[in-house]
Each structure stands twice: as structure tokens, then as C-alpha cells.
Engineer: 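Take a look at the following structure, please.
Naming: A, B, ... by sequence-line order, numbering from 1 per chain.
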Protein chains: 2
Amino acid sequence: MPAEASSASSSSPPLTERQEARRRRILHASAQLASRGGFDAVQMREVAESSQVALGTLYRYFPSKVHLLVATMQAQLEHMHGTLRKKPPQGDTAAQRVAETLMRAFRALQREPHLADAMVRALTFADRSVSPEVDQVSRQTTVIILDAMGLENPTAQQLSAVRVIEHTWHSALITWLSGRASIAQVKIDIETVCRLIDLTTAEARTE
Amino acid sequence: MPAEASSASSSSPPLTERQEARRRRILHASAQLASRGGFDAVQMREVAESSQVALGTLYRYFPSKVHLLVATMQAQLEHMHGTLRKKPPQGDTAAQRVAETLMRAFRALQREPHLADAMVRALTFADRSVSPEVDQVSRQTTVIILDAMGLENPTAQQLSAVRVIEHTWHSALITWLSGRASIAQVKIDIETVCRLIDLTTAEARTE
DNA sequence: CGCTAATCTAGAACAAGTTGCAGACTTGAT
DNA sequence: ATCAAGTCTGCAACTTGTTCTAGATTAGCG
């Protein structure tokens with residue numbers, strides 16, 4: 001396993017130790033505040049205070065509240081990916097394994113609904129200035145799903161199916177978080193969309 | 001056709017003429033400002049000024065910026081539904097007709113990308129306090145899709161497929177608006193998800 | 001018409017995200 | 001150790017969504 005620092009996967013000047021520590025403190029404070037009151041509870045002044053950093057510094061690390069929360073999501077996703085790797089899903093078909101994986105992730109989020117709320121709202125509220133970071137989150141999600149499918153070289157069809165699954169995942173999460181859908185409904189919809197996998201996989205085989 | 005006033009489809013005290021006029025002026029100003037700079041350009045003070053209404057009054061009509069934009073979306077959706085009714089899609093299968101309908105809607109939004117941005121961002125950013133209004137938008141979208149399918153009594157399976165399509169539609173729209181996906185990709189994904197329709201329809205026939 | 005309750009207006013005030021600035025502190029190179 | 005460049009801090013100011021208030025206006029009613 002490479003010794004690469006945890007989160008900032010690339011680019012720009014390397015951070016000193018104290019800077020890494022600051023960054024971690026900030027993300028930790030962000031997640032903690034979010035776990036309480038969700039998006040609104042993550043107030044930049046409070047994050048700064050909690051992480052013992054000046055407001056200006058906070059903004060130097062994360063140029064906006066949305067950037068901060070998307071970075072928080074990246075961190076959580078990495079954590080989750082690690083967890084999922086340890087206990088891979090057991091289903092027989094790719095569709096089952098993906099659905100199982102997503103529902104497992106879903107239950108994890110259920111335990112911290114406020115945190116989930118903050119992260120997902122930030123993700124969909126993000127404008128172009130956050131595109132690179134949002135894209136990174138999306139790529140990470142794709143990796144998780146492809147992992148569950150156990151696929152090495154997905155076809156274009158399959159990639160499209162994976163994107164659709166991601167769309168459904170995000171959007172279903174939002175409707176659940178805002179109380180407009182039950183968990184049962186989310187489960188059904190996840191299972192429904194996962195059938196696209198079998199569909200496209202069957203076709204890949206007969207090509 | 002019933003003489004019911006245009007937008008507020010139900011509930012609460014009926015509005016006087018001048019009040020209806022105010023409401024329309026507000027929604028018009030909102031859409032106009034949104035058409036320029038998107039979500040950020042819709043500033044409550046400006047909306048109030050443009051529609052010749054005091055700020056307090058604006059807040060009496062729409063309790064928050066998000067409420068206002070979701071209502072704006074309702075109005076636009078109604079308009080679009082009317083337009084679509086006039087020229088129903090021509091495809092042979094339900095899936096084709098739905099995909100065609102959505103892509104048509106998509107092209108309409110393309111013409112006013114800022115407006116689309118404002119409305120969709122508001123929709124996904126909405127918290128529980130806006131649930132009823134967001135739900136209304138969702139129901140309207142469902143009607144449009146079922147219309148395109150030409151279905152009277154959808155099964156639970158089919159309703160789930162429709163929900164998944166809506167999820168995909170919203171989420172794909174967002175990724176396009178924030179420049180993370182091309183139109184071609186959106187088209188492919190819409191077509192991919194629409195295949196769920198044929199799938200569930202085939203099953204309904206053999207039940 | 002004249003009254004009352006509801007509504008509307010103008011504008012101040014408050015909250016939270018964001019920016020700017022002057023001075024202290026760190027870092028890295030010499 | 002010293003200097004220059006880059007960072008961090010504390011704090012004030014600005015922006016925009018939201019709330020509040022006091023005084024007009026309007027609507028409905030006898």
C-alpha cells in the first residue's frame with residue numbers, strides 16, 4: 001500500500017505536517033458539526049473555532065462551504081470504500097451485489113442522517129467551481145460500484161448503467177433525506193435500477 | 001377545462017385579483033432573473049423590486065428563496081406539459097416515447113440553461129419545509145412520463161421504474177448543468193434508463 | 001359611508017457566507 | 001543565525017437571505 005497521504009490525492013504543493021494536521025482537524029470538525037444539525041449546522045465560523053484555525057485559514061484550505069462539505073464527503077467515501085473492501089457483498093449476480101453494496105452504504109448513512117444530509121446537499125448544490133471535487137467523488141463512487149460488479153473492462157453500455165445507478169442513488173438519497181420517500185421505497189428503486197446491470201451484462205456476453 | 005386559477009392548485013384562502021396579479025408578477029420576475037444569472041442572480045430584494053412588491057410581501061407569498069424557485073419550476077412544468085400534450089411523441093415503444101419526451105424537455109431547458117440551473121438547484125437543495133411543493137413537482141413529472149408511456153394503470157414495478165427515471169433525469173440534468181457531462185452522455189443515460197420501461201412492461205404482460 | 005381585520009410598504013436589523021487587511025509566526029535557503 | 005517569502009491569526013467589513021416593526025392601504029361588512 002502506497003504511503004500517499006490520505007485525502008488530497010494529487011496536485012499542488014505538498015503540505016507540511018502541521019498543515020496536514022490542520023486539514024484533518026478541519027474535516028473532523030466539519031463532519032462533527034454536520035452529524036449534529038446537518039448542512040445548516042456547519043457554520044464556517046464554528047468550524048474554524050472547533051478546529052482551532054482562523055477563519056481566513058479555513059477559507060484558504062477550502063474556498064467555500066460547499067468545497068468543505070464535498071471534501072468531507074470524499075473523506076467519508078474513502079472510509080466506506082475501505083470498510084466495504086473488507087466484507088465484499090455475497091450476492092450471486094452482479095446486480096444483487098451492487099444492490100447489496102448500495103443498501104449497505106445506505107444503512108451506514110442512516111446512522112448519521114444529518115451528516116448524510118449535509119454532504120449530499122452540498123454535492124448537488126455545488127456549482128461549476130466545485131466540479132473537479134464533485135467529479136472526484138463521482139469517480140470514487142463508480143469504483144465502488146464496479147468493484148461490487150467484479151468487472152475489469154466495462155463496456156460503454158455498462159458504464160452508462162453505472163452512471164444511471166449513481167444518479168438514482170443520489171437522487172433517492174435526497175428524497176429519503178427530505179422525507180419524501182420511505183426506506184422501503186428506496187430499496188425497491190435501487191433494486192429496480194440494478195436490473196440494468198444484468199441487462200447490459202447479458203448483452204456484453206453475446207456481442 | 002375548469003376555470004381554476006393557474007398555479008396554486010389547491011388549499012388556503014382564495015386570492016383576490018390583485019393578489020393573483022402580484023403572484024404572477026413575482027413568478028415572472030423570478031424566472032426572468034433566473035434566466036440571466038441562474039440561482040445566484042435570483043436575489044430576493046431584486047425580485048421584490050422587479051415585481052413591485054415589498055420584500056415582506058414577497059416573503060408572505062413565498063416563505064423562502066427555495067420556495068419561490070420551486071414554485072417557478074411548477075409554473076414552467078405546467079407550461080411544458082401543455083406544450084407536450086399538443087405534440088405527443090411518436091416512438092413505437094413506450095421506452096422510445098419517454099426518452100423522446102425527456103430529450104425534448106431537455107432541449108427546452110437547454111435554451112434557458114440559467115433558468116434550468118436555478119430551478120433544479122432549488123429543487124435538490126430544498127429541505128423538509130419545502131417537501132409538499134417538491135412533491136407536487138415530482139407528481140407533475142410523473143404524470144408527464146406516464147402520459148408518454150400511454151399507461152392507465154401502472155403496476156408497482158412500473159411506478160418504481162418511473163421514479164428511477166425521474167431520479168436519473170434530475171441528476172443527469174445537474175451533471176450537465178455543472179459541466180460534468182456532455183449532452184450526448186445525458187442522451188445515452190436517458191435511453192439506458194428508459195429500457196427499464198420495456199423490461200417492466202414485458203413483465204406486466206405475462207403476469 | 002365608516003369600521004375592523006387583514007394585507008402591504010418602507011426600511012431597519014440580524015445571521016451566516018465571504019473577503020480584505022495589518023501584524024505575528026513559520027519555513028526554507030543561505 | 002538571518003533574511004525573504006509564504007502562512008496564519010484576529011478582526012472588521014460587505015453581501016444576501018430572512019425577520020421584525022410601525023405605519024399606510026385595502027377588503028369585506030353593516
Engineer: Which residue, A:Asp40 or B:Arg60, contacts DNA chain C at a nucleotide closer to its 5' end, judged by nearest heavy atom?
Structural biologist: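 Result: B:Arg60.
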
Engineer: State whether a side-chain donor-acceptor pair under 3.5 Å links A:Gln19 with A:Arg22.
Structural biologist: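 Side chains of A:Gln19 and A:Arg22: no pair found under 3.5 Å.
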
Engineer: Which listed nucleotide (C:dG17, D:dT18, C:dT26) is nearest to the side chain of A:Gln43?
Structural biologist: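 The answer is C:dG17, which lies nearest to the side chain.
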
Engineer: Considering every strand and a 4.0 Å limit on heavy-atom distances, what is the contact class for B:Gln52: base, sugar-phosphate, or nothing?
Structural biologist: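 It contacts sugar-phosphate atoms only.
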
Engineer: Is there a donor-acceptor pair closer than 3.5 Å between any side-chain N or O of B:Ser171 and the backbone N or O of B:His167?
Structural biologist: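 Not a single qualifying donor-acceptor pair exists.
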
Engineer: Select base, sugar-phosphate, or nothing to describe what B:Val42 touches, counting heavy atoms under 4.0 Å on all strands.
Structural biologist: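 Sugar-phosphate only.
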
Engineer: So for B:Arg22 and C:dT7, does any side-chain atom that can act as donor or acceptor lie under 3.5 Å from a complementary atom in the base?
Structural biologist: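 There is none.
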
Engineer: With the side chain of B:Gln19 defined as its heavy atoms from C-beta on, choose the nearest nucleotide among C:dC8, C:dT18, D:dC8.
Structural biologist: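 Selected nucleotide (nearest to the side chain): C:dC8.
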
Engineer: Using the six-membered ring of A:Phe125, assess whether NZ or CZ of A:Lys65 lies under 6.0 Å from its centre and within 45 degrees of the ring axis.
Structural biologist: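 No; the conditions do not both hold, so A:Lys65 does not lie above the ring face of A:Phe125.
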
Engineer: Would you kindly compare A:Val66 and B:Tyr61 by the position of their nearest DNA chain C nucleotide and give the one closer to the 5′ end?
Structural biologist: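 It is B:Tyr61 whose nearest nucleotide is closer to the 5' end.
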
Engineer: When you compare the side chains of B:Thr16 and B:Arg18, does any donor N or O come within less than 3.5 Å of an acceptor on the partner?
Structural biologist: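 B:Arg18 and B:Thr16 do not have a side-chain donor-acceptor pair below 3.5 Å.
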
Engineer: What about A:Arg45: does its side chain form a donor-acceptor pair under 3.5 Å with the base of C:dT18?
Structural biologist: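 Side chain to base: pair found, below 3.5 Å.
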
Engineer: Taking the side chain of B:Arg18 as heavy atoms from C-beta outward, which of C:dG17, D:dA27, C:dT26 is closest to it?
Structural biologist: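 Among C:dG17, D:dA27, C:dT26, the one nearest the side chain of B:Arg18 is D:dA27.
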
Engineer: Would you say B:Thr16 reaches D:dA27's phosphate, i.e. side-chain N/O to OP1/OP2 under 4.0 Å?
Structural biologist: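 It does not, given that no N or O in the side chain of B:Thr16 lies less than 4.0 Å from OP1 or OP2 of D:dA27.
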
